[in-house]
Structure formats: structure tokens, C-alpha cells
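Here's the structure, in C-alpha cells; my notes come after.
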Amino acid sequence: MSAPSAEYDLDACAALQREEWEVLEAIHPDCISGDPSKGLIKLEVPVDLPGSTAVVLASDSTIESGSSSSSGPSTPQTISLTILPPILLDICLPSTYPYTPPQVRAVHATYSWLSLDGLREALAGKWEEGQGVLYTWVEWIRSGEFLEELSMSTIIEGRRTIRIVHPTPALLLPSLEGYNSSTQAARFSQNSYECEVCMTSIKGARCIMLSCNHVFCRSCLEDFWGLCIREGDVGRVGCPDPECVKEHREATEEDVRRVVTEEEILRWKWLRMKRALEKDPTLVHCPMALCQTPVPRPQNVEDGSPWERLRICPDCGYSFCAYCKRTWHGPVANCPISATKLILQEYMALAEGSPERKKMEVRYGRITLQRLVTEYEEERAFHEWLERCTGTPCPGCDLRVEKHSGCNHMTCVRCKEHYCYRCGQRLDRYHPYKHFSTPGLRCFSKLFDVESIDDEWQPVEGFDVI
Amino acid sequence: MDARLRRVNKEIADCKSDKSSRVTIDLVDDNPFHLIGAFDGPEDTPYEGGRFQVDIVIPDNYPFQPVKMKFITKVYHPNISSASGAICLDILKDAWSPVLTLKSTLISLQSLLCSPEPRDPQDAEVAKHYMTSKSSFEKTARYWTMIYAGGPGEDGAGRPGKDAAKDEIAMAGLDRAHVAQFEALGFDRSKVIDVLRRMNYRGANVANINDDRVVEELLK
């Protein structure tokens, strides 16, 4: 149809305008409003950034000085966004549109994030006589293509980067981020997602996007994580995606909080703490039967210090010795020998350099352990010598003596008790030899040991010097 | 209807509608939690031409716990027990994800047949055979495929009837001459096969095994 230059077919124009409105309303219902019968149209077009795009916010001064060496307080900030706030266009279509250009009455960028220089001209340049331009405008803004045309988009290190110049970037930044996240949340809850666990398509409002960006329905995650937490399988509380499972990627606390109940969170945290502590080789469990909390080695204690044995349970406050597990007996006092002995025997039974031995060294302190081993060895050697070289101890005072020769009738140097060196029995001080001369008694005729008969011996009184 | 049943039904229906993968899942005794899966032996492997059946048990906490699978069809493979059909595969254990399905797991079993992992064996004897002589291993695996999975066999001559006698020497992946050598000493054939198989008396390994040691084993 060719249009006469002076007079337009207004009915045809109205029809074209109506048609354009209907198309736009069908495709982008969120973007268009107004009164088409009066030719008044409002467009509200947000800017989609495909994937996630880096957006650099710079203040005017940074641009002028042109480099990062500027001493200005505001260095450009980079944020990652998927959407920019809408551009508002207030348009009046003359009755002769699309044969005459549309009139843009006002252009505004939400939060004034965009400097409008050049935008009007660029918009006007899109119009071609006889062609509707509104759809072109919407697409041009929505796709972010206009950012290229306004030279706001550059490629930095292979990534598309949008540069926004603003007088007060610090004020703009939270607005952009807020708009970005609320729009994303709204879009997320409106979309439907196929939950790969229950294999059902579910509205986003009933789904959760985990920090790894995988989406599952809330009820499947509740079941999955609830089961893992109940069974103590804390390592499986994570994204169910096979890749994330292979990577052992565990859920963050925020993710877990969004899904499970408060009791389950408490148990989850307890399980995690327990696991972390159990990885700590210095750990000793609190000996209180109802507590059993793992207690790590105290901080800032020198290796080999007697304080190394002290543990204070962070849960019940019980102070105890890591060796004997009894109430703390101070750094000086030794544990009752039995406890130390058991630990040392366990330690010495392990091969030198073995991982189990290293584990004990970390838990109890290597230097302390080795000092105790030396003491223990000396003690044991002494006891062995006592057993080997001395007879039974004095029944009066427990004194042990080494007898190198002589008979078995002993008179104790300390308490003057008379006793038998062989069996330790007390002897009648007036008739001590009856023990050896009465047939039927166990030491009958054993006044002298057979082996020592050949030795050069001294009479019993000779030994009894004091 | 609980979530587990709903999901299993979906999976079975999904498998029925997909004809291209030739993976099937059938119910045992109308119980949707005890199933039999089947798939083709992968091409260019000794399992080619065979059809392999897998026993599937769906646990109570499915899909949050891994499905239990074992081969019904006997398979000669380092990661599959030649006696019980038990399978050594990470996704059936700690690498299980609730996103995995019966079909995707069966397809993983299929690819396990393509890529044996003898360093993490389920069947140590088979794994040793694989490491000693891959060609002898493949021959045996192909023979098993023919006997148990209806495969075409070594020369592609066709499948034996159901009652066809199994060649115990081929089953064990041994050399006929080796078996004859010890049989000639007066030992029972099945005993010889058993001992030689356990000792991995194959390929280059034969040079490492003294005859006396074999006889000693045979006399045990």
C-alpha cells in the first residue's frame, strides 16, 4: 500500500497500531501497558544478561582519570548480574503512526542506572516509515543489544563485561543487586522444574536451587537429607546430582537450613562437629559417662610439659588427665601407675614409626611418652632385678635384701624380724631353726640352698652384722 | 501411593517406551520392588551378542539408597564375581546418587563390561587371568558369553543347544595341553582344572610355576 504524502488512511493506521499492540501484548505481556485507543503506550523493559555477566560500576571521576592509579576513593566495583532494572519509555503514537515517527515523551532508567545520552537518538533511528517499531525497541533493550550500541559493553579476557558510569556507584550497587536477586527469585518460583529425584515437574516455588545451581524439589531434599541425618551419614548431606556426589560436595549450612527441621539441623551440626573432632588425632573422650564429648589437646602447651596431660571438657567442664582419665591430679603428681602402665604397654607394643604409634604420640605428647617409657623401663628393670636377686621381702617391714651367701634364716637389718629367706614366713626368734629342722614343714632341711652349698659361705650370724 | 512406588513405576514405564537402548526391566512375581533388568553385551567386546540379565532389588529408602543389583547371567569379568554375580561398581555403593535410575545404572553395568578395572577386582582369579593374558581372558569371556548369555562363540558358528556339554577346560580358560599333561600323571581331570585355574596356569605365567608345585597342589 502506498501512502499519499499529505493524507494518511487513519483507519488503516489505527488497525496497524492495534495489531502491533496485540502482538506485543501476546509476546511480552509484562512490558507493555497504557491506553492503545489514545495512542498512549508505556514500555517497561528489563535488560537480560545471558548467563551471568560481569558488570563494572565506575564513578565519573574514575573514568576521567582513566586508570586504576587514580587516588579517588572509589575504585570500580565488579558484580555479577543476570538482569538489569527496566528502562521505562513513555510513548505517544500519533494517529498517523506508523507513517509518522512515534513520539517518545519520556525515557527513564529505573534507579537511574543508565545515562540516557544517546538513547533517544538511537531509538529514533530504529523507526522506518510504515513499519511498527515498538517490538524492535523492546527486543533491542531486552536483549542488551543497545548496550553494545551505546558502547557500554566490552570483552575483557574473553568475557562480556558491561561498564556502567554513575555519579555514586556505592548507592547504585545495592539497588542493582537487589533488583537482580528479587527478579531471579520471582522468575525461579514462576518457572517449573523437573526434579530428577521424584521425576516430576514441579513449580519453582516448591523447589530449591542449591549453591551448586542444581534444582530439586523441596520434598525430595527433605526426605533425602532427613534420612542421611537420621542415619548419621553426614557426608551424604549434599546435592544429589551425580557429579556433586562424585566430588563429595556437601551442602552449605544455608542450604541445609532451607530444607530440614531445626532438630535435624542440630543433629547435622553435631554430627559434623563429631566428625571434625574425630579427625583430630589429639582427641580423648571425656570420661564422664553421660558426656563422652571428644576433647582435643590443650592449645599453647609446650611439648613435654607436664600440663600436656590436662584436658578440660568443653561441654561439661570436667578437668581430667588424658592418661588416667581421673580428675586432674596436677602437673606434678604421677598417675596411679596402672593407668600409665597400660598406656605405655600399648605404646611400646606398637612398632617404632608405625602410624598407630604416631597417633599415640600426637594424642599424649611424644616427649612425655618417651620420658615415661624411660622411667617405666628403669622401674621394670629394677623390679626384675628385685625378683631375680632378692628373696621374699621381710614380713615385718617389706624390706628386700640381696643374699649372696649364707643360710636362709634372716634377721632383718631394719626391723629385726626373723624370717625365712625362701618362703618369707616369720620365724620364732628364740627357735628360728625349727622351721628348717622339723620334718613335714615345707622348708625342712632347706637351711642352705643346694646351689649355694659349694659357694664359700659364712655362718648366718656373719651376715647379721647389725 | 508412596514416592518410591511412584518413581519405580515411572522408571519402568520410561524404559518400556525407550526402544533404542534395548534395556528392559521386568517384574518378578508382580512385585515392583523386585525386578529383572536385561541388556545386550556391548559391541567389540567378548560379551558381544550375549544378553545379560540382572537381578534388581529396590531398597526401602530408594532412591536415597542405592539399588541392589547382581548378575543372574554368569559373566567372566574381573569386576563381577564368576560364582555369585556380585558386582564391584562405585555407583552401587558410595558414589550412588538419587538422580541415577534403574536404566542409567544398567547402562553403567553395560559400560563396565566394556572397561574392566582389574586393579579393583571382585573376582581375583578372573582379574589375574586378565592381567596375565588378555587374549586368553577374552577367549574365555567369549566362551562364557556363548554358554550362558547366548552369544555366538569364538568362530561365530552359533550357539550350542541347552543341553550341549560345557567344555570345562574352555570354561576355566586353560590350555588343553596343560590339562592333558597333568591328567596323564593319573589325576582326575576336574581336579587338574580346578588347581590350574586357581594357580593361574596360563600364558607367560606357566614359566613361573614349577611342575612340582602343581603336583603338590594336586595331592592336597
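What you see is a predicted model, and the numbers here were worked out from it, not measured in a lab. Below, chain A is the first sequence line, B the second, and so on; all start at residue 1.
- Counting heavy-atom neighbours within 6.0 Å of B/Arg198 CZ, excluding the residue itself, gives a total above 12.
- At a 4.5 Å heavy-atom cutoff, B/Asp14 makes no contact with chain A through either its backbone or its side chain.
- In terms of heavy atoms, B/Lys10 sits closest to A/Met199 at NZ-O, 3.3 Å.
- Between A/Pro242 and B/Leu100, the shortest heavy-atom contact is CG-CD2, 4.0 Å.
- In A/Glu262, the CD atom is crowded: over 12 heavy atoms of neighbouring residues, nucleotides or ligands sit closer than 6.0 Å.
- Neither the backbone nor the side chain of A/Asp233 comes within less than 4.5 Å of any heavy atom of chain B.
- Looking at A/Glu231, the atoms closer than 4.5 Å to chain B (heavy atoms on both sides) all sit in the side chain, from C-beta outward.
- Looking at B/Pro63, only its side chain comes within 4.5 Å of chain A, counting heavy atoms on both sides.
- Of the possible polar contacts, one joining the A/Arg236 side chain to the B/Phe64 backbone as a donor-acceptor pair under 3.5 Å is found.
- Dense packing is recorded around NZ of A/Lys325, with more than 12 heavy atoms of other residues, nucleotides or ligands lying under 6.0 Å away.
- The heavy-atom pair separating B/Trp96 from A/Val245 by the smallest distance is O-CG1, 3.5 Å.
- By the neighbour-count criterion of 12 heavy atoms within 6.0 Å, atom CD of B/Glu43 is sparsely surrounded, having that number or fewer from other residues, nucleotides or ligands.
- For the pair A/Lys246 (side chain) and B/Ala95 (backbone), a donor-acceptor distance under 3.5 Å is absent.
- If you tally non-hydrogen atom pairs under 4.5 Å between each of A/Pro240, A/Cys244, A/Gly235 and chain B, the highest count goes to A/Pro240.
- The backbone N or O of A/Val197 sits less than 3.5 Å from a side-chain atom of B/Arg7, completing a donor-acceptor pair.
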